[in-house]
Trainee: 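Dropping the structure in here first, questions after.
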Amino acid sequence: MIILGIETSCDETAISVVEATGDINEPVFKVLSSTINSQVKLHKEFGGVVPNLAKREHQKNLPLVLKQALEEAGIEDDLKEVDLISVTVGPGLEPALWTGIGFAKELGEKYRKPVIGANHMLGHIASVLPEKGTEFKLKFPVLALLISGGHTELVFLKSWKEKEKIGETLDDAVGEAFDKVARMLDLPYPGGPEISRLAEEAREKNIKLDTKFPRPMIHSKDFNFSFSGLKTAVLYYLRNPQKYSRENDFVDSSQMAVAREFEDAVIETLLSKTKNAIEKCSPKTLIIGGGVIANKALRSEFLNLSETYKQLEILIPEKPLTTDNATMIAITGFIEYKLGNRLELEAKGNLEIT
Ligand code: KG4
Ligand code: ZN
């Protein structure tokens, strides 16, 4: 079947056309088109996403993004070949979510197509599935670490039907911590890629910080995270003129050293909690999803886990599918459709995985 995915939960207006064959246990997903219109430049001057501005941009962009997605997929604009429309209903910014939902419903009514709601975080899990071919079968149970701008959580899936959140952040999400620390370092929004770049340069040049930042909650027995203490530790460090001083307005080695130590603290914390969860839950597959896994150092550290856990299959999405996209929403819609789940077509900012 052909699925049209629509994603507007944050600052990307995205539409994908995905072909799904096979049943729920062995689906094969082929991406026919994936169009993303990013508003990052617009929100940059405000240092973060402004919900009503995002909403206005989604409204303006959706028809254009649809046209492009259909053209690239070679599909007529009367949606004759489309079997299902899948739209993100949460979590995310509600004004932004509503534009996608309204647009999906209009299309559904106009062309008489079924519309289904998708959970964005389930989407980040499903983002490892496209283009895997017929040989691939996802092995359950699955442990998923989701690390994005709004969420940090560990989810255990016995199957697509039986899923449970086993841990989450008690304060800031990891992407949010990246963005906030970047702002403290006078780096532009979104901060993740900026910190990542500086940390990499610091490693190449062997630049190290003279201080170790905390690895929050690394010894707690649960699977929860906390990143606000780490963020505060960075702030105190930067406020101490004996420790940190910028020589000029250009990127310098003191910024690089802070970026590297912050990134190391995050990586160590995420790895440690994930290892604990692997040992407790014995999953056959580990999936890491969400925008933060675009981080190169984090990707390689997580892939290295296969040396310790030889039987564990470790799946990380292709780079373009790490940050928000509509391909993952089309796939999630397919899964929900096949399971017979029908999420309400209403924006839910704090929608949980259940
Ligand atoms: O999943 P995503 O695109 O949107 C949400 O659902 O939140 O994640 C966006 C987050 C931002 O906080 C961004 O700074 C972070 O992912 N991010 C990164 C990198 N690329 C994006 N964080 C660390 N390193 C990166 N290379
Ligand atoms: Zn996301």
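In listed order, ligands and their atoms are each counted from 1. All values below were derived from every heavy atom in this structure, side-chain atoms included, with hydrogens, water molecules and symmetry-related copies excluded.
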Trainee: Please could you name the atoms of ligand 1 that G150 approaches to less than 4.0 Å, counting only its heavy atoms?
Mentor: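 Here the atoms of ligand 1 in question are 7 (O).
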Trainee: List every atom of ligand 1 that sits less than 4.0 Å from any heavy atom of G149, numbering the atoms from 1 in the order shown and giving each element.
Mentor: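 Listed by number with element: 5 (C), 7 (O), 8 (O), 9 (C), 10 (C), 12 (O).
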Trainee: Give a yes or no on whether a salt bridge exists between D172 and K180, defined as a side-chain N under 4.0 angstrom from a carboxylate O.
Mentor: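 Salt bridge: yes.
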Trainee: Counting each atom of ligand 1 from 1 as listed, which ones have a heavy atom of G175 under 4.0 Å away?
Mentor: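 Atoms satisfying the 4.0 Å criterion: 12 (O).
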Trainee: Which of the atoms of ligand 1 are close to A294, meaning less than 4.0 Å from one of its heavy atoms?
Mentor: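 Once the distances to A294 are compared, the set is 20 (N), 26 (N).
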Trainee: Counting only heavy atoms, which portion of H151 has something under 4.0 Å from ligand 1: side chain, backbone, both, or neither?
Mentor: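 Answer for H151: neither.
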Trainee: Considering only NZ, NE, NH1 and NH2 on the basic side and carboxylate oxygens on the acidic side, decide whether E352 and K165 come within less than 4.0 Å.
Mentor: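 A salt bridge is present here (some side-chain N lies under 4.0 Å from a carboxylate O).
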Trainee: Taking only heavy atoms of H124, which atoms of ligand 1 are found under 4.0 Å from at least one of them?
Mentor: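 Close to H124: 1 (O), 6 (O).
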Trainee: Please state the angle at the Zn ion (ligand 2) spanned by NE2 of H124 and NE2 of H120: what is it, rounded to 10 degrees?
Mentor: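 Rounding to the nearest 10 degrees gives 90°.
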Trainee: For a quick test of reading the model, state the closest non-hydrogen atom pair linking I267 to A297 and the distance between them.
Mentor: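 So the minimum-distance heavy-atom pair works out to CD1-CB, 3.7 Å.
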Trainee: Tell me whether E204 is salt-bridged to R260, with the criterion being a basic N under 4.0 Å from an acidic carboxylate O.
Mentor: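 A salt bridge is absent here (no side-chain N lies under 4.0 Å from a carboxylate O).
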Trainee: Output yes when E109 and K113 qualify as a salt bridge under the 4.0 Å nitrogen-oxygen rule, no when they do not.
Mentor: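 Answer for the salt bridge query: no.
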Trainee: Using heavy-atom distances only, which candidate in C10, G291, G192 approaches atom 21 (C) of ligand 1 most closely?
Mentor: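 Looking at heavy atoms only, the winner is G291.
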Trainee: Please report whether the ring centroid of F262 lies less than 6.0 Å from that of F178.
Mentor: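 Yes - the distance between ring centres of F178 and F262 falls below the 6.0 Å cut-off.
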Trainee: For ligand 1, which atoms have a heavy atom of T323 less than 4.0 angstrom away?
Mentor: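 Answer, ordered by atom number: 3 (O).
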Trainee: Hey, which atoms in ligand 1 end up nearer than 4.0 Å to a heavy atom of S196?
Mentor: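 The atoms of ligand 1 under 4.0 Å from a heavy atom of S196 are 24 (N), 26 (N).
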